[in-house]
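Comments concern the structure below.
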Amino acid sequence: MNSEVTYSIVVPVFNEEEVIAVTYERLKKVMDKTGRPYELLFVNDGSVDKTAQILSQICQQDTNVKLINFSRNFGHQIAISAGMDNALGQAIVVIDADLQDPPEIILQMIEKWQEGYEVVYATRKERKGETFFKKWTAAMFYRLLRSITDVDIPVDTGDFRLIDRKVCNVMKNIKEKNRFVRGLVSWVGFRQTSVEYVREKRFAGETKYPLRKMIKLSLDALTSFSHKPLKLAIYLGFLFSSLSFLYLLFAIFERLFTPYTVPGWTSVMATSLFFNGTILTILGILGEYIGRIYDETKDRPLYIISSKAGFGRGGESHE
Ligand code: UDP
Ligand code: MG
């Protein structure tokens with residue numbers, strides 16, 4: 001084991017055959033400038049295109065490159081976690097494979113790290129080449145998350161960040177299944193600071209985060225860092241019982257003191273629809289939490305590695 005590695009760059013990769021070679025070149029160029037030993041740790045998250053072959057070739061040519069292949073697609077957050085578990089560096093940087101996070105920013109992060117910060121996250125000043133829908137939902141999401149959690153999770157900040165070995169060791173011991181890594185990094189504390197950057201357009205290919213994965217990520221974030229949605233039931237229940245009580249007084253008054261016999265269909269329909277909707281929503285929220293409790297109790301491994309390359313001294317080893 002070469003424990004003298006200073007920097008580990010963790011790159012989660014899912015179907016990035018069009019960019020991965022360029023990403024490697026750019027990362028190599030930047031990291032060579034540091035003059036310190038480093039490793040580029042690619043986590044192939046079950047790609048079904050040529051990503052695995054390209055990476056395995058790069059890995060054979062460059063002893064600084066390591067590769068972990070998952071047995072299937074486990075998701076971005078899990079891929080990052082696997083990278084952290086296997087990184088050897090004193091400082092670990094997580095970066096997307098699509099060059100939206102410019103590798104050159106890593107040097108600025110390293111400077112901050114050398115000043116003594118243990119977490120350096122990169123905040124997006126601007127996002128280029130992303131749809132209005134994505135930018136808007138992302139902006140709303142970060143603000144909602146911030147307003148309902150007790151953890152100070154910075155807004156407009158993705159997983160592009162540097163963490164110190166100490167922080168990485170703590171992260172390795174957090175075994176949550178439905179993980180929101182950037183939230184966990186905020187949660188663990190330590191000395192944190194940020195650098196600003198402009199998020200570039202994707203170099204090539206398409207986003208690997210369809211709406212489905214975005215929703216999963218935001219639900220993971222909200223449920224793992226807040227119990228407020230559960231409390232919604234109490235607040236809504238209280239509000240509606242007070243309103244219904246007022247309505248009841250009104251109905252009794254009308255029955256006793258006025259000549260109208262109210263057919264009542266409209267109000268019955270309205271309340272029934274409204275309450276059924278509310279109840280279903282709250283059942284859904286409960287379901288989200290219960291599903292996650294179930295995931296935790298199953299205690300399955302976070303990910304399954306089908307093969308590794310570049311670990312140890314140059315040669316390939318398979319697990
Ligand atoms: N990614 C991954 N597994 C997935 C989805 C994405 O490892 O299931 C990787 C992807 O290859 C990229 C990073 O996570 O390196 C961010 O994904 P993407 O750029 O598609 O997301 P976006 O920038 O559009 O939010
Ligand atoms: Mg991207």
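Note that ligands are numbered from 1 as they come in the structure, with each ligand's atoms numbered from 1 the same way.
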(message) When you compare the side chains of Asp159 and Tyr121, does any donor N or O come within less than 3.5 Å of an acceptor on the partner?
(response) no
(request) Return yes when atom NZ of Lys172 has more than 12 non-hydrogen atoms of other residues, nucleotides or ligands closer than 6.0 Å, and no otherwise. (result) yes
(message) Cation-pi check for Phe70 against Arg72: NZ or CZ below 6.0 Å from the six-membered ring centre and within 45 degrees of the axis, yes or no?
(response) no
(message) Test question: given the 4.5 Å side-chain rule for I, L, V, M, F, W and Y, name all other residues clustered with Met140, or answer none.
(response) Phe132, Trp136
(request) Quick one: which residue pairs count as a salt bridge (Lys or Arg N to Asp or Glu O under 4.0 Å) with a foot in residues 8-26, not counting sequence neighbours? (result) Glu16-Arg202, Glu16-Lys208, Arg26-Glu104
(message) Check this for me: does any side-chain nitrogen of one of Asp220 and Arg179 sit under 4.0 Å from a carboxylate oxygen of the other?
(response) no
(request) Please answer whether the main-chain N or O of Tyr209 pairs with a side-chain N or O of Thr207 as donor and acceptor at a distance below 3.5 Å. (result) yes
(request) Report, as a single number, the protein N, O or S atoms less than 2.8 Å from the Mg ion (ligand 2). (result) 2
(message) Has Ser8 got a side-chain atom pairing as donor or acceptor with Ala87's backbone, closer than 3.5 angstrom?
(response) no
(request) Show the protein residues that qualify under the rule heavy atom under 4.0 Å from an atom of ligand 1, listing them in chain and number order. (result) Pro12, Val13, Phe14, Glu16, Asp45, Asn73, Gly75, His76, Asp96, Ala97, Asp98, Gln100, Lys134, Arg199, Arg202, Thr207, Lys208, Tyr209, Lys213
(message) Exactly one of Leu88, Ile110, Leu40, Ile106 should register a side-chain contact (heavy atoms from CB on, under 4.5 Å) with Tyr7. Which one does?
(response) Ile110
